[in-house]
Number of protein chains: 4
Amino acid sequence: MAQANEDTQGGTPARDRELRARGKRTMRKLLDAGVEVFSKKGFHAARVDDIVKAARTSHGTFYLYFSNKDDLIEALASDVAEQMAGLADSLGEVTPDDAGRRELRAWLDRFSEVYERSGPIIGAWTAAETEKSDLGRIGTDLLGGFAVSLGRRIAAGAPELDAAAAAIALVAMIERYHYYAISGMLGAGQKVDRGAVLDTLAAVTHASLFGEARTRPAVHAR
Amino acid sequence: MAQANEDTQGGTPARDRELRARGKRTMRKLLDAGVEVFSKKGFHAARVDDIVKAARTSHGTFYLYFSNKDDLIEALASDVAEQMAGLADSLGEVTPDDAGRRELRAWLDRFSEVYERSGPIIGAWTAAETEKSDLGRIGTDLLGGFAVSLGRRIAAGAPELDAAAAAIALVAMIERYHYYAISGMLGAGQKVDRGAVLDTLAAVTHASLFGEARTRPAVHAR
Amino acid sequence: MAQANEDTQGGTPARDRELRARGKRTMRKLLDAGVEVFSKKGFHAARVDDIVKAARTSHGTFYLYFSNKDDLIEALASDVAEQMAGLADSLGEVTPDDAGRRELRAWLDRFSEVYERSGPIIGAWTAAETEKSDLGRIGTDLLGGFAVSLGRRIAAGAPELDAAAAAIALVAMIERYHYYAISGMLGAGQKVDRGAVLDTLAAVTHASLFGEARTRPAVHAR
Amino acid sequence: MAQANEDTQGGTPARDRELRARGKRTMRKLLDAGVEVFSKKGFHAARVDDIVKAARTSHGTFYLYFSNKDDLIEALASDVAEQMAGLADSLGEVTPDDAGRRELRAWLDRFSEVYERSGPIIGAWTAAETEKSDLGRIGTDLLGGFAVSLGRRIAAGAPELDAAAAAIALVAMIERYHYYAISGMLGAGQKVDRGAVLDTLAAVTHASLFGEARTRPAVHAR
DNA sequence: TATGAATGAGCCTTCATTCAT
DNA sequence: AATGAATGAAGGCTCATTCAT
């Protein structure tokens, strides 16, 4: 069910040689297993053994395609990074009028979809980096660069605002909101209507850029 | 330097007996060491050995006060939780007018201060939970409950808006923004003026609630 | 460049069937690769993978010709053993006079040449045995038997001396000296003249057998 | 039975802290176990597990005193190196007369004793280095430096000979002879009289330096 | 014959937790 | 109350050897 992107690249060892059909299939199984296990258990708790079992292959085989757990999450993450980059580019001009808001709303729809698939990987990735170095970098950079890219678009529509700062804030909001949604926080004991949530986010975002925040209720807590 | 709150409670073993002066001092050293080490290395990378060394005490002693690593981070975290609760309560009514914005701004100042001290602990705590169970709960709950509490205040000022949803979104924004700030993402290569950042956050937040988002630039990228 | 002897035998599996031209070529590539890799990395550090890569063939193919890594080093070593046997036979009578010394000197020249080619293999072989059983045998036996054979020759020239004991001692000396030379110990920071070294060895050996050790300096340290 | 020198130093981790009586005892058990296991199986074949079992302690404890297998062999070897250095210093002047030969003979006695105890460690040590880098160094250096030191002594007695070259050759001879003796090669099926062997070595060595190699048989093969 | 792929036993190392003094 | 020492269950990774095409 959970699946890596079709053309996700393999890890370091896999890139050093030509893969045949069978090899490609195995690598794919491992990538998919990686998504599944990392999503379910997070980076740290995920054992190579879990991944290998999920992929119905052996321990040794894993290291034929990835040099270690990090290598796998990186392969997975770099794919997500690409998707995110594409997503940022796909945001059209955001104008102060209702068309601008609709543009934002449509974009959020796409973001939501991508995030639902990749959110867990981003989480695992961030954790991986946090565990290694003093503080996470790439995972943060991803959203950061994403925000910058987004900021440029916004700047075109609301030049007098500090686009960079606002964009970061808004991306933070959007990302976390989705994170909460995925981690079940919003769904515990309450029905959340995805469309309504996105409406609210679009409204809040648009309003924070151009004023006018009169929205209808979206989520009913408790 | 980094220090736990004065009246932070100890772990399970410590609560089962009466602590004398010396015992209290030792526990305090361990709590402080916990803040220091968890902040610097995160939960997973933090070794009991690191903590014990930072506290200039021994392994055996550690387990005299805390039943395990989790117990320590929980002691630390529950303290943070209390502070956060207090913080949420301290937000006065947020009105659509400029007074409301100033209220928000002042509150952000307090939040910022608390977060700077406790952010790393929240991060470590979240990680601890993510590593154990399937997905983090308490760390998220903390901010979630925090948002709810905040939402109620906001509701008083902007009843027609879905306060719960908006509050969560805004808390998400505020929290992440601070997280980025702490993790150095915002500071790499650019001077960030804390006051200006808070101005922007206050403006964006207020605007998203009541419209009117005409703010002056706060952060100058590059 | 480093190459196995022309008519080195293959491993067990290769001897069980008739090799065609192509097969012979492949086996040869593997033998040469073996010499190259074992020489460079020693037995233990040499991976089957290294050998296979050096021979530009595959893992599966390797086991078509040799039943395992040991089998390969043994094939290589038994070849060396033969050469050594021939070498021992080639030593003429060593008389107390100058002709005896010249005979020794000429023989050392041949030894030197063979050792330069095969020394690394002997080393790898010895290591292989040391790693397996409690203590090396064949590698030692080789030089031991070699010494015995040499001893007999010497005995003819100096019957009153304990030929066996002396021969072993002298072979030990000669072998180690060459080993040191190969392993670079003698060459670090000083130019070593091979001819001069052999002169010294011949002189010392001859003198230890028949007295008269007045030699001119051979190596100038520093 | 096989035992490390009384004041052998511990490994890296052990040197970073103060050891109490119990700790010292444990470290000693590990050092002794190291000698025993390395001697019996050689460096590569020796498992940390074997050592730990021989020392009747646990896996974790091992790493409390040595950072790894290498660390242990190094601790053991550096001790040997010291003994060897002392040995080299202990050689008095070697004169052409019979007193010189007796001096040599007495020294060989001491060498023999030390080698019997430490030979296996030197072997393991050399193997350790051969396995790691391209070619062994320290193990070789040890004997090399040893030879140099010895060479100086000899130089005093036979100035016209190339002392450095000759010393290396002689040390090579002496060392290997002992190595063969230990590895059982000389003892298989024949009674070797240690005293007689040392007599021969002394005679051969002395003769090679000053002529006069008229010795009585030392070893009777078969 | 040849080969890419798969396997899994085996080994090293870490570290939270318990023990004995 | 304090502490140094000990423990052992995990877990990551390697690599000789076998398999399937």
Side-chain angles (χ1 to χ4, degrees), chain A residues 17-27 44-52 56-70, chain B residues 17 19-27 44-52 56-71, chain C residues 17 19-23 25-27 44-52 56-71, chain D residues 14 17-27 44-52 56-70:
Chain A
R17 62 205 159 91
E18 208 60 49
L19 290 185
R20 308 264 257 252
R22 193 181 179 191
K24 281 186 186 162
R25 224 181 312 133
T26 303
M27 195 185 81
H44 175 73
R47 305 283 157 236
V48 170
D49 200 65
D50 298 327
I51 295 163
V52 150
R56 295 171 173 284
T57 182
S58 77
H59 227 138
T61 298
F62 178 91
Y63 290 92
L64 233 40
Y65 297 89
F66 301 93
S67 43
N68 48 39
K69 230 169 62 169
D70 289 27
Chain B
R17 62 205 157 91
L19 290 185
R20 306 267 261 274
R22 190 182 179 190
K24 280 186 185 164
R25 225 181 314 131
T26 303
M27 195 185 79
H44 175 246
R47 308 277 159 242
V48 171
D49 195 67
D50 298 327
I51 294 163
V52 148
R56 296 169 171 284
T57 182
S58 72
H59 266 203
T61 300
F62 179 93
Y63 289 89
L64 240 36
Y65 295 89
F66 301 93
S67 47
N68 50 38
K69 227 170 72 168
D70 291 26
D71 201 19
Chain C
R17 63 206 156 90
L19 290 186
R20 307 267 261 273
R22 192 183 179 189
R25 225 182 312 130
T26 303
M27 196 186 78
H44 176 246
R47 308 276 160 243
V48 171
D49 196 67
D50 298 327
I51 295 163
V52 149
R56 296 170 170 284
T57 182
S58 72
H59 266 202
T61 300
F62 178 93
Y63 288 89
L64 241 36
Y65 295 89
F66 300 93
S67 46
N68 49 39
K69 226 170 72 167
D70 290 26
D71 201 20
Chain D
R17 63 207 159 92
E18 209 59 51
L19 290 185
R20 307 264 257 251
R22 192 181 180 191
K24 281 186 186 162
R25 223 181 313 133
T26 303
M27 196 184 80
H44 175 74
R47 305 283 155 235
V48 171
D49 199 66
D50 298 325
I51 295 163
V52 150
R56 294 170 173 286
T57 182
S58 77
H59 230 136
T61 298
F62 178 92
Y63 290 93
L64 232 40
Y65 297 88
F66 301 93
S67 43
N68 48 40
K69 228 169 62 168
D70 289 28

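Values in this document were obtained by computation on a predicted structure and should not be read as measured data. The chains referred to below are lettered A, B, ... by the order of the sequence lines, with proteins before strands, and numbering in each begins at 1.
- Both tests pass for A:Arg17 against the ring of A:Tyr65: distance under 6.0 Å to the centre and angle within 45° of the axis.
- Between D:Leu19 atom CG and F:dA5 atom C1' the separation is 10 Å, expressed in whole Å.
- The phosphate of E:dA6 (OP1 or OP2) has a side-chain N or O of A:Thr26 nearer than 4.0 angstrom.
- Rounded to whole Å, the distance from CE on A:Met27 to P on E:dA5 is 11 Å.
- Nucleotide E:dC12: paired with F:dG11 (Watson-Crick or G-U wobble, both distances less than 3.5 Å).
- A:Leu19 and A:Met27 make their closest contact through CD1-SD, 3.9 Å (heavy atoms, listed as atom of the first residue, atom of the second, distance).
- When the P atom of F:dC13 is taken as reference, atom CD1 of A:Ile51 falls 10 Å away, rounded to whole Å.
- Here C:Thr57 does not reach the OP1 or OP2 of E:dA2: none of its side-chain N or O atoms lies under 4.0 Å away.
- Across all strands, B:Phe66 comes closer than 4.0 Å to no nucleic acid atom at all (heavy-atom distances).
- Nearest heavy atom pair, residue C:Asn68 against residue C:Asp71, reads OD1-N, 2.9 Å.
- C:Arg47 CZ to C:Ile51 CD1: the interatomic distance, rounded to the nearest 0.5 Å, is 10.0 Å.
- Closest to the C:Ser58 side chain, of the nucleotides F:dA2, E:dG4, E:dT1, is E:dG4.
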Passes side-chain contact (heavy atoms from CB on, under 4.5 Å), B:Thr26 versus B:Thr61? Steps please.
CA-CA 9 Å; B:Thr26 303; B:Thr61 300; 3.6 Å; yes
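- With both pairing distances under 3.5 Å, E:dA20 is matched to F:dT3 as a Watson-Crick or G-U wobble pair.
- Rounded to the nearest 0.5 Å, atoms NE2 (D:His44) and NZ (D:Lys69) are 7.0 Å apart.
- The side chain of B:Leu64 lies closest to F:dA2, out of E:dA5, F:dA2, F:dA6.
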Where protein sits on nucleotides 16-21 of chain E, one letter per nucleotide: B base, S sugar-phosphate only, - none, heavy atoms under 4.0 Å:
SBBB--
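- In this structure, B:Arg17 reaches the F:dA1 phosphate: one of its side-chain N or O atoms is under 4.0 Å from OP1 or OP2.
- Every ring-ring contact (aromatic ring centres under 6.0 Å, His included) that A:Phe62 has, sequence neighbours left out, goes to A:Phe66.
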